[in-house]
Amino acid sequence: MTYYLIDYENTSSKGLKGCRKLKKCDRVYIFFSENASKINLDFFTSHNKAKVSAIKVPVKKQSLDMHIASYIGYLIGKNKKSDCEFVIISKDNDYDNIIEFWRKKKYKVERRETISDKTIANEYDKPEYSILEVELFKILDNQEETEEVIEIIEKCTSKVAINNSLMHKFKDSRKAGAIYNVIKPYITDKT
């Protein structure tokens, strides 16, 4: 089971990208205030039966952030004996200290910009690296190339553009093909 806490003021409807991949057991909490743009009602018909709750918070300085930080603590406490994951959907890296706190206590907590993102590389993640980075290290020469491949994935909007960029970058069809095969499971949201 995964709990998604969405900072809707920060991400708007873009944070909901990937909601069709949600499982019935997943839980989504959309935190918003009067300052948030209107919620895209299409989400409520496309979240693949995950349970969704909208939580309106008062407009005050950092109010939304504080409510999300408080609520994630509540959810972790409520589910401490189960193997749940907790994901804050936000571009705001102010959550990273809270995430680091819970990770040190061995809880699965992360921040993403959208539901479909794999993970955002936070400073405390650097020594561990993401699964994708570890897989890329096996076939690439150095950290710089790995970062360039991840940049290509983030920058390109389609699988064809990613493939073309890899071909242009490495000028070796075998190497570009091997890289593409590694990243393929991570770009399923691209057209």
Side-chain angles (χ1 to χ4, degrees), residues 1-7 10-28 30 40 42-43 45-52 83-93 95-96 99-100 103 106-191:
M1 172 185 285
T2 303
Y3 288 91
Y4 295 91
L5 290 82
I6 299 176
D7 182 343
N10 181 272
T11 65
S12 67
S13 60
K14 292 176 187 164
L16 304 172
K17 180 182 172 191
C19 63
R20 283 183 171 79
K21 296 178 183 178
L22 294 173
K23 298 179 208 126
K24 188 176 181 178
C25 63
D26 292 333
R27 302 291 179 260
V28 178
I30 302 173
N40 181 347
D42 288 340
F43 171 73
T45 61
S46 63
H47 56 74
N48 208 19
K49 298 185 182 174
K51 187 172 180 184
V52 178
D83 190 31
C84 296
E85 295 180 40
F86 306 89
V87 181
I88 296 173
I89 306 296
S90 179
K91 294 181 260 181
D92 186 349
N93 62 8
Y95 293 109
D96 293 352
I99 293 167
E100 181 177 11
R103 280 186 150 187
K106 307 296 184 210
Y107 290 96
K108 297 175 188 170
V109 183
E110 66 179 292
R111 178 176 60 87
R112 301 179 191 170
E113 290 187 11
T114 69
I115 290 171
S116 64
D117 286 347
K118 290 299 175 195
T119 189
I120 294 174
N122 298 305
E123 289 181 307
Y124 57 86
D125 282 333
K126 296 293 184 203
E128 298 166 5
Y129 299 110
S130 72
I131 295 169
L132 174 58
E133 286 175 305
V134 171
E135 289 179 33
L136 287 171
F137 284 151
K138 294 175 186 174
I139 58 174
L140 294 173
D141 298 328
N142 56 51
Q143 173 68 26
E144 187 177 314
E145 285 186 343
T146 299
E147 289 172 3
E148 289 172 339
V149 169
I150 290 172
E151 192 175 301
I152 287 170
I153 294 168
E154 291 171 351
K155 179 180 69 173
C156 296
T157 57
S158 71
K159 293 175 184 173
V160 171
I162 290 171
N163 189 49
N164 291 342
S165 294
L166 291 173
M167 293 294 288
H168 180 74
K169 162 78 180 126
F170 294 100
K171 306 203 184 337
D172 175 355
S173 60
R174 271 196 237 162
K175 189 171 188 176
I179 294 166
Y180 189 83
N181 285 334
V182 167
I183 66 173
K184 205 173 187 178
Y186 300 91
I187 58 172
T188 56
D189 60 327
K190 309 266 186 187
T191 56

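Position 1 is the first residue of the sequence, and the numbers go up from there. Just so it is clear, the values below take in all heavy atoms, side chains as well, and ignore hydrogens, waters and symmetry mates.
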Tell me, yes or no, whether the heavy-atom count around Lys171 atom NZ, taken from other residues, nucleotides or ligands under 6.0 Å, exceeds 12.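 Buried by this count: over 12 neighbours within 6.0 Å.
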
NZ/Lys190: more than 12 non-hydrogen atoms of other groups inside 6.0 Å: yes

Taking atom [atom1] of [X] and atom [atom2] of [Y], what is their separation to the nearest 0.5 Å?
{"X": "Arg103", "Y": "Asp96", "atom1": "CZ", "atom2": "CG", "answer": "9.5 Å"}
{"X": "Lys14", "Y": "Glu113", "atom1": "NZ", "atom2": "CD", "answer": "10.5 Å"}
{"X": "Arg111", "Y": "Ile88", "atom1": "CZ", "atom2": "CD1", "answer": "8.5 Å"}
{"X": "Leu22", "Y": "Arg27", "atom1": "CG", "atom2": "CZ", "answer": "11.0 Å"}
{"X": "Tyr180", "Y": "Ile152", "atom1": "OH", "atom2": "CD1", "answer": "12.5 Å"}
{"X": "Leu166", "Y": "Asp172", "atom1": "CG", "atom2": "CG", "answer": "11.5 Å"}

Any side-chain heavy atom of Leu140 sitting closer than 4.5 Å to one from Phe170? yes

Stepwise salt bridge (Lys or Arg N to Asp or Glu O under 4.0 Å) test for Asp83 and Lys108: CA-CA 8 Å; Asp83 190 31; Lys108 297 175 188 170; 2.8 Å; yes

Provide the closest heavy-atom pair for Pro185 versus Thr188 in the form atom of the first, atom of the second, distance.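 Closest heavy-atom pair between Pro185 and Thr188: O-CG2, 3.7 Å.
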
Might you point out which heavy atoms bring Thr11 and Ile89 nearest each other, and give the distance in Å? CG2-O, 3.8 Å

Angle between ring planes, Phe86 versus Tyr107, binned at 30° and 60°: parallel, tilted or perpendicular?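 Phe86 and Tyr107: perpendicular rings.
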
Polar side-chain atom of Asp26 near backbone of Lys23 as donor-acceptor pair, under 3.5 Å: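 Here the side-chain-to-backbone pair exists.
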
Take Tyr186 and Ile153 through the side-chain contact (heavy atoms from CB on, under 4.5 Å) test and state the conclusion after the steps. CA-CA 9 Å; Tyr186 300 91; Ile153 294 168; 5.6 Å; no

Ion pair present between Lys169 and Glu151, side-chain N to carboxylate O less than 4.0 angstrom? no

Carefully, step by step, assess Ile150 and Leu136 under the rule side-chain contact (heavy atoms from CB on, under 4.5 Å). CA-CA 9 Å; Ile150 290 172; Leu136 287 171; 4.3 Å; yes

